[in-house]
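Below is one structure, written out as structure tokens; comments come after it.
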Amino acid sequence: MATVSFRGATRYYAGNDKPAVDGLDLEVADGEFLVLVGPSGCGKSTTLRMLAGLEGVDDGQIWIGDKNVTDMEPRARDIAMVFQNYALYPHMTVHENIAFHLKIAKMPKDQRDARVQEAAKLLDLEPYLDRKPAKLSGGQRQRVAMGRAIVRQPQVFCMDEPLSNLDAKLRVQTRTQIASLQRRLGTTTIYVTHDQVEAMTMGDRVAVMRDGLLQQCDTPVGLFAKPRNVFVAGFIGSPAMNLIPARLSDAGVALGGATIPLTPAQKAAVTGTEVIVGIRPEGWDTVAASEGLPVTIEAVEELGSDQYLYGSSEAEVVAAGEDVEHREAPHPIVIRTPGMSDWSRGQQLGVRPRTGAVHLFDKETGNRLPDA
Amino acid sequence: MSTTALSSSSTGSTGQPPPRRKAPRRPKPAPGTQRISPLRVIGLTVVWLFTAFNLLVLYWLIMAAFKTPLEIFREPLSLPATLFERGTPFRNFVYAWESAEFGTAFLNTVILVAVCSVVIVLVSAPAAYALSRLGVRGSGPMTAFIAIGMGVPFQTVIIPLFIAMSEIDLNNNLFGLALIYVALSLPFTVFLLTGFFRSLPDELEEAASIDGASATRTFWSIMLPLARGGLITALILNAIGLWNETLLAIVFLQENANFTLARALFTFYNAASYQSEYGGLLAGVAIIVLPMLVMYILLARRIITGLTLGAGK
């Protein structure tokens with residue numbers, strides 16, 4: 001077992017002056033499950049491939065434990081990787097696929113077979129050991145790929161969107177299986193995904209990336225409760241947080257007739273005249289349309305246990321005092337209400353941010369304003 | 001929704017066996033694909049005419065190999081009779097085999113073609129792998145350079161080749177001919193296999209490198225088995241080409257003991273037509289054509305396109 005540490009790791013791709021990963025500093029503790037998450041092209045896969053040794057590191061260093069692996073070949077790094085499309089060897093049986101590394105490492109056959117059996121048992125693969133990958137279902141192939149990783153007992157697991165080829169139901173099952181397997185084995189794991197639900201449910205910590213830059217690395221709760229900037233706020237949480245630009249006045253920020261007061265530290269931190277108010281769908285109290293921020297419901301999403309109202313409101317722009325020419329399009333606002341509530345399209349209601357549910361960001365920089 | 005589910009399951013359990021459903025013999029094609037267009041009609045006609053013509057030629061050849069010259073000219077399309085009535089149906093084959101020394105030539109050809117095809121693929125596969133996948137500096141221009149070799153008609157280099165081979169005493173020598181065969185077949189085979197290796201997925205190589213396999217090991221245990229379809233294709237194409245090769249064999253082989261089948265047939269042609277042994281001549285042609293036909297029918301099935309199936313997803 002080992003720690004992983006990225007120290008200013010940078011990766012350029014040919015013909016692009018903007019690095020795919022830009023000076024990444026990240027420390028992963030021994031036995032930790034770290035999830036790298038971000039939109040397509042944010043550099044999360046490149047980061048993982050640099051760790052695995054499949055990509056060169058143009059600048060900075062990568063350490064596994066007390067070894068600098070920056071210029072080491074993949075096979076010298078003692079890592080295992082699960083690929084998005086599993087990359088099983090199609091001409092080998094499941095047993096041969098799982099045992100391939102051990103065979104190369106010249107482990108005696110009886111020991112090797114014991115290890116494969118053990119891994120197969122852990123993953124319910126025993127009946128399939130003699131089959132070729134083409135004869136397996138998607139979920140079984142995924143487990144073979146996992147088996148190939150765990151049989152090595154490596155220092156670090158690298159997983160590159162291993163669930164994205166499974167159907168929705170299997171993905172949820174496998175998600176918890178992988179997470180509990182990792183806790184049981186205690187192997188340091190770096191897991192790449194673009195699915196923020198996967199990130200939030202699986203990781204000990206989640207690192208959010210965007211355009212090659214690390215935005216925030218924190219526990220799922222930390223990310224959710226205190227997003228460091230507008231990007232993280234909008235990316236984490238489903239449906240996304242409502243981000244409403246509002247003008248700053250002496251009293252604070254006016255939103256839907258109510259005023260959110262700013263602390264002196266927050267006022268000092270604002271660089272422009274506007275802030276972005278972030279409120280999660282569950283952070284609203286619904287009131288009569290005449291009170292609070294008036295919202296017209298445009299769509300109702302009924303999930304049974306919850307209900308999401310998608311609506312729009314022009315009021316806050318009016319409140320911000322902009323003239324009509326510069327007014328932005330009505331902001332869609334999402335509100336969570338209890339499931340099976342009696343809302344329907346076209347209705348009007350008023351919403352008011354719940355105390356403690358307001359996140360404030362500077363509009364110019366996008367950074368979170370200090371909380372106190 | 002729940003009531004319909006209930007009722008349908010209850011009818012299933014109350015004894016009435018569900019009506020036996022049978023798939024149509026030919027599934028209905030997608031709308032619009034069966035429309036008769038002029039292109040389709042012309043295409044079908046040409047393909048069928050071509051196929052029919054080839055089958056007819058093959059039929060004529062095989063039948064004629066069992067006929068007397070008289071039958072060949074009088075009843076070109078009928079079934080052979082005379083030789084069967086005489087009780088010596090394989091007379092033409094025996095004649096060709098014995099008087100044209102086809103025995104030695106057959107052995108020569110089998111060994112030459114087998115060795116050459118295998119050597120060509122053994123040399124081309126690592127070359128193609130290196131050119132297409134190892135990211136060697138200048139691999140693009142090098143591949144292009146090798147491809148130029150395909151554009152040079154070998155007839156134009158026969159005279160310099162002959163002089164060169166005479167200089168090193170490899171003229172009238174099967175080993176010498178084998179060298180020429182291998183050299184002349186490399187450009188096409190390397191080119192064919194680079195395309196094939198390039199189409200293999202990158203992840204398998206990456207997985208192998210993480211599993212600890214060296215480049216050589218990755219090539220032998222992962223990439224080569226995956227490229228099996230391509231290797232077999234290359235093997236078959238080369239074998240057929242070399243089996244039928246005549247010009248180089250005529251130029252470079254002078255002694256009967258060294259003759260390949262195509263070369264022996266060329267000599268036999270002169271003798272047989274002088275003696276009006278057309279049945280024997282066509283039996284000789286059949287001896288050359290049929291093994292390749294059989295091999296093609298047997299091996300063509302092994303060009304398995306779906307071999308990489310199951311690597312992903």
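In what follows, every chain begins at residue 1, and chains take the letters A, B, ... in the order their sequences are listed. All values reported here derive from a predicted model rather than from experimental measurement.
- A/Ala80 touches chain B through its backbone: at least one of N, CA, C or O sits under 4.5 Å from a heavy atom, while the side chain does not.
- Side-chain atoms of A/Asn97 and A/Tyr86 include no donor-acceptor pair closer than 3.5 Å.
- A salt bridge links B/Arg133 to B/Asp202: at least one charged side-chain nitrogen sits closer than 4.0 Å to a carboxylate oxygen.
- For the pair A/Pro133 and A/Tyr89, the tightest heavy-atom approach, listed with the atom from each and the gap, is CG-O, 3.6 Å.
- By number of non-hydrogen pairs under 4.5 angstrom with chain B, the leading residue of A/Val82, A/Ile79, A/Ile104 is A/Ile104.
- By number of non-hydrogen pairs under 4.5 angstrom with chain B, the leading residue of A/Arg152, A/Glu73, A/Met81 is A/Arg152.
- Heavy atoms closer than 4.5 Å to chain B are found nowhere in A/Arg77, neither backbone nor side chain.
- Of the options B/Val121, B/Thr189, B/Ile120, a side chain to side chain contact (heavy atoms under 4.5 Å, CB included) to B/Leu235 is made by B/Val121 and by none of the others.
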